[in-house]
Amino acid sequence: MTDDLTVATYDVADGIAWLRFNRPTKKNCMNPALNRRMLELLDEIEYREDVGVLVLTGEGDSWSAGMDLKEYFRENEAKGLGAVRQAQREAYGWWRRLRWFHKPTIAMVNGWCFGGGYGPLYACDLAIAADEAQFALSEINWGILPGGGATKVVAELIPMRDAMYHALTGELIDGRKASEWRLVNESVPLAQLAERVTALANVLLSKNPVALKATKDAVRRVREMSYDNAEDYLVRMQEAANSFDNDGRKEGIHQFIDEKSYKPGLGAYDK
Ligand code: ACO
């Protein structure tokens, strides 16, 4: 059967790629076709010169209602272990790709966000939710543990007591609570969500793109390193980034030291 290519869509405007889960009548839950399509679209978008930031959001009233319980779980389980493992590779594959995406990424959580949705949520570097959005690790409600990285996501982002409560009860929390627990950076009323995310994306677009990629990778990598290992990694990454983008870095120093036209402590140099 040919995959439905409309399950995820994107458009590009003013340096921002707006990538959307697009199964609104199914609350944007992730079926195998969507997982395959997302990987293709990330490939298409990643090195476009007119894209500096990627925003991941959902059509309709949902961000993503997690994995498709029918098409991802039940139908693959009926086919056997090979099909189950393939479906997992496809889902985890695009989330991993998103975690290390070449441009900074923002999750714009506009509505329902469940279970498997925590994979791409965590994969995005920053996350802004609507106050009205609803989050839950609902796995416990239908009898499984939060797999597919979801337990790792809450253990990484949320204090232990809150993570445990969230995983064991399956209760919904809204965007405000998700922000309080640091599952997202902040929440704003739904009516202001796109505007706030656009403003944040524009801040990122004003920065040196090589420094952005090196920095986002560094923040994820150093978490699991000793101080000494992190120090060593950062020295080497800094040198690698410098040699990759000599001109941009030199211009930043030049505008501060020679032209005195900006202060790096207060904003970005003029690209
Ligand atoms: N898997 C498969 N189908 C889904 C999913 C899902 N995760 N979520 C929604 N749908 C389908 C519904 O079956 C329904 O299909 P239908 O129109 O063919 O009957 C359609 O999407 C619309 O959903 P409704 O349930 O009718 O919408 P409602 O607004 O009443 O409820 C809600 C929304 C609360 C999000 C509900 O759909 C729901 O509980 N979804 C499941 C959420 C969930 O627990 N996801 C799994 C997390 S665990 C994991 O990802 C590993």
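We use all heavy atoms of the structure for the numbers below, so side chains are in, but hydrogens, waters and symmetry mates are not. In listed order, ligands and their atoms are each counted from 1.
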_What does the 4.0 Å heavy-atom contact list look like for ligand 1?_
Thr25, Lys26, Lys27, Cys29, Ala65, Gly66, Met67, Asp68, Leu69, Phe73, Trp112, Phe114, Gly115, Gly116, Ser138, Glu139, Trp142
_Among Arg23, Lys26, Lys27, exactly one meets salt bridge (Lys or Arg N to Asp or Glu O under 4.0 Å) together with Asp68. Which residue is that?_
Arg23
*Give the ring-plane orientation class for Trp95 versus Tyr92, where under 30° counts as parallel, over 60° as perpendicular and anything between as tilted.*
tilted
*Cation-pi between Arg220 and Tyr122: NZ/CZ under 6.0 Å from ring centre and within 45° of the ring axis?*
yes
*Which word best sums up how the rings of Phe256 and Tyr262 line up, parallel for under 30°, tilted for 30 to 60°, or perpendicular for over 60°?*
perpendicular
*Taking side-chain hydrogen bond (donor to acceptor under 3.5 Å, both in side chains) as the test, write out the residues that go with Asp174, two or more places apart.*
none
*Please confirm whether Arg221 makes a cation-pi placement over Trp100, using NZ or CZ under 6.0 Å from the six-membered ring centre and within 45° of the ring normal.*
yes
